[in-house]
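It should be emphasised that the depicted structure is a prediction, and the values quoted were computed from it without experimental measurement. One is the number of the first residue; the rest follow in order along the sequence.
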Amino acid sequence: MGKYFGTDGFRGEANQTLTADHAYQVGRFLGWYFGELKRKSGDRSAPRIVIGKDTRRSSYMFEYTLIAGLTASGADAYMLHVTTTPSVAYIARVDAFDCGIMISASHNPYFDNGIKLINSQGEKMDESVISLIEDYLDGNLCVFGNRYPELPYALRENIGKTVDYASGRNRYIGYLISLGMYSFRGMKVGLDCANGSSWNIAKSVFEALGATTYVINAEPDGLNINENAGSTHIEALQKFVRKNRLDVGFAYDGDADRCLCVDENGDVVTGDHILYVYGAYMKERGKLVNNTVVTTVMSNYGLYKAFDALGVGYAKTPVGDKYVYEYMTEHGCRLGGEQSGHIIFSKYATTGDGILTSMKIMEVIMAKKTPLSKLCEPLKIYPQVLLNIAVTEKDKAQDDCDVVAAVKRAEEQLNGCGRILVRASGTEPLGRIMVEAESKKICKELSD
């Protein structure tokens, strides 16, 4: 992780950690850098950069300042408006953009925001480019054999333009619908859109596939994104599914790159459950390439025991869908993800996609004519406690000798019947402590 960019972009409180000036400078760099790359290859055309945003009030401010920076450096900015992170990744790839930008702080509260950068392949931006952006923000940019304390402005006909590109978002919706292998007719489906990016997309997709949809938290006002809603507050959807006797429910986060589910009984279905259900479905059909599901170190101990019983192999990466995707690409794996609901189906997408994930779970339900609770039944989740501890220096806190000694003592008490994980958050000033054990009581004692 760099000084400004973490595992999921440049994120922080709007106009505190991440300011409008930062956004302008990021735009200036991207417009100039991709223009230079084109010129050095003999191409004099303007760079094309596509931008999407979530529903936070500050997203408009960052959209306009990013566009000002891009066009001032000679790039053309294509505006998808309010849309999901996976839609930006999809359009960046299929419409041959030089890069994509998503303005979102994902599951964070409304007063935070972030800048996520996506390369021309629809993947998270290369670390080498991120490092150059950080150097530019610090006034230390050295690239192409020169030092640039400031970047040149585009002049006259070389100043960039803005293009309304809502058609790109609509094409992404059409792509999702095209992936539907079964009609959802007769199914009552609940959708919690977190007052975020999915509010005007998810319902369209599910209704096009025949489902009777019941939608909550789809009235964004700029201040209510993720507020007691979506995948981080799934209790709202649980109550909604029970009250309306729905067949299944899906909850997205602010930018809809993750999804958690609620079964017909109102019980939560986590990312681990999703990996199990779809991994078993792929294994059964001979579609699980390399017989491997990619997880992170946060996946539950019970998931691995369930995979062992099925004869399914698994890999463990550091936390972050970026690391999951990198492993999947390197080893040719088709399914991977996180407990939090970032699930990657690499045959169809280059990033986690909440709406796609919910469609894939619906596919299994329809194919096997089995309710979600029964599909999840073989997976026995070990009790888990997760504590988030505010710290000033994440790495220093994690490596503290007293902390290391406490972890060792707790591991000795577990004696192999569970596990402990202490790590630094990739997006917030927090240390995270996770304990899994055979009972909640043991988890709480050891985590405390």
Side-chain angles (χ1 to χ4, degrees), residues 2-6 9-12 14-15 17-53 58-81 88-89 91-93 95-103 113-165 168:
K3 179 178 177 182
Y4 302 101
F5 285 81
F10 188 164
R11 188 182 298 186
N15 280 344
T17 312
L18 172 61
T19 68
D21 286 340
H22 285 132
Y24 177 71
Q25 289 177 292
V26 170
R28 285 276 285 129
F29 175 85
L30 292 172
W32 173 82
Y33 177 76
F34 285 103
E36 282 296 292
L37 289 180
K38 289 173 88 83
R39 284 186 284 275
K40 288 181 182 300
S41 68
D43 183 351
R44 306 299 295 180
S45 65
R48 299 167 66 252
I49 296 176
V50 64
I51 300 180
K53 66 176 182 285
S58 63
S59 290
Y60 291 86
M61 172 183 73
F62 288 123
E63 179 184 44
Y64 298 148
T65 48
L66 277 161
I67 288 172
L70 290 167
T71 53
S73 288
D76 294 341
Y78 289 70
M79 303 164 65
L80 291 174
H81 306 288
V88 177
I91 291 299
R93 175 170 56 89
D95 285 357
F97 281 95
D98 292 289
C99 78
I101 303 172
M102 179 64 186
I103 303 160
N113 216 323
I115 298 172
K116 300 184 180 186
L117 301 180
I118 296 163
N119 67 20
S120 61
Q121 301 303 308
E123 303 164 342
K124 295 202 173 182
M125 186 64 76
D126 313 70
E127 286 297 329
S128 59
V129 178
I130 296 293
S131 295
L132 291 174
I133 296 171
E134 297 205 334
D135 288 344
Y136 176 60
L137 291 174
D138 285 336
N140 298 316
L141 179 61
C142 292
V143 64
F144 304 129
N146 294 304
R147 187 172 183 276
Y148 292 90
E150 191 45 78
L151 297 175
Y153 286 99
L155 301 173
R156 300 190 177 186
E157 73 277 6
N158 293 319
I159 293 173
K161 65 185 178 185
T162 59
V163 180
D164 186 303
Y165 210 59

State the [atom1]-[atom2] distance between [X] and [Y], to the nearest 0.5 angstrom.
{"X": "E127", "Y": "E134", "atom1": "CD", "atom2": "CD", "answer": "8.5 Å"}
{"X": "L141", "Y": "E150", "atom1": "CG", "atom2": "CD", "answer": "10.0 Å"}
{"X": "Q25", "Y": "Y4", "atom1": "CD", "atom2": "OH", "answer": "8.0 Å"}
{"X": "Y24", "Y": "T65", "atom1": "OH", "atom2": "OG1", "answer": "10.0 Å"}
{"X": "M61", "Y": "T19", "atom1": "CE", "atom2": "OG1", "answer": "8.0 Å"}
{"X": "C99", "Y": "Q121", "atom1": "SG", "atom2": "CD", "answer": "12.5 Å"}

Heavy-atom check, side chain of [X] versus side chain of [Y], under 4.5 Å:
{"X": "F29", "Y": "V129", "value": "yes"}
{"X": "H81", "Y": "D164", "value": "yes"}
{"X": "L30", "Y": "I49", "value": "yes"}
{"X": "K3", "Y": "L137", "value": "no"}
{"X": "V88", "Y": "K116", "value": "no"}

Fill in: Parallel, tilted or perpendicular: rings of F97 and Y78 (30°, 60°)
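Rings of Y78 and F97: perpendicular, as their planes differ by over 60°.
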Discussion item. Tell me whether the rings of Y33 and F144 are parallel (<30°), tilted (30 to 60°) or perpendicular (>60°).
Written reply: parallel
Tell me the closest heavy-atom pair linking [X] and [Y], and the distance in Å.
{"X": "D98", "Y": "F34", "value": "O-CE2, 3.7 Å"}
{"X": "L66", "Y": "A23", "value": "CD2-O, 3.3 Å"}
{"X": "M79", "Y": "T162", "value": "SD-CB, 4.3 Å"}
{"X": "A154", "Y": "T71", "value": "CB-O, 4.4 Å"}
{"X": "F62", "Y": "L18", "value": "CZ-O, 3.4 Å"}
{"X": "A77", "Y": "I67", "value": "CB-CG1, 3.9 Å"}

Practice prompt. Show your reasoning for whether side-chain hydrogen bond (donor to acceptor under 3.5 Å, both in side chains) applies to D126 and S128.
Written response: CA-CA 5 Å; D126 313 70; S128 59; 5.3 Å; no
Worksheet entry | For S73, all residues meeting side chain to side chain donor-acceptor pair (under 3.5 Å), sequence neighbours excluded |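 Partners of S73 under the side chain to side chain donor-acceptor pair (under 3.5 Å) test: R28.
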Discussion item. Within the 3.5 Å criterion, strictly below it, is a donor on D43 or S41 matched to an acceptor on the partner's side chain?
Written reply: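 D43 vs S41: no donor-acceptor pair found between side chains.
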Practice prompt. Examine distances only and state if a side-chain atom of D76 and a backbone atom of R48 form a donor-acceptor pair shorter than 3.5 Å.
Written response: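 No.
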Discussion item. Keeping E63 on the side-chain end and I51 on the backbone end, is there a donor-acceptor pair under 3.5 Å?
Written reply: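 Judged by distance alone, no pair lies under 3.5 Å.
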Practice prompt. Could you walk me through whether E36 and V143 pass side chain to side chain contact (heavy atoms under 4.5 Å, CB included), step by step?
Written response: CA-CA 10 Å; E36 282 296 292; V143 64; over 6 Å; no
Discussion item. I need the single residue from V50, L70, V26 that forms a side-chain contact (heavy atoms from CB on, under 4.5 Å) with I101. Which is it?
Written reply: L70
Discussion item. Before you tell me yes or no, could you show the steps for K38 and R44 under side chain to side chain contact (heavy atoms under 4.5 Å, CB included), namely the whole-Å CA-CA distance, both residues' side-chain angles and the distance that decides it to 0.1 Å?
Written reply: CA-CA 7 Å; K38 289 173 88 83; R44 306 299 295 180; over 6 Å; no
Discussion item. Just to verify, what does E157 make a salt bridge (charged side-chain N to carboxylate O under 4.0 Å, His left out) with, not counting sequence neighbours?
Written reply: none
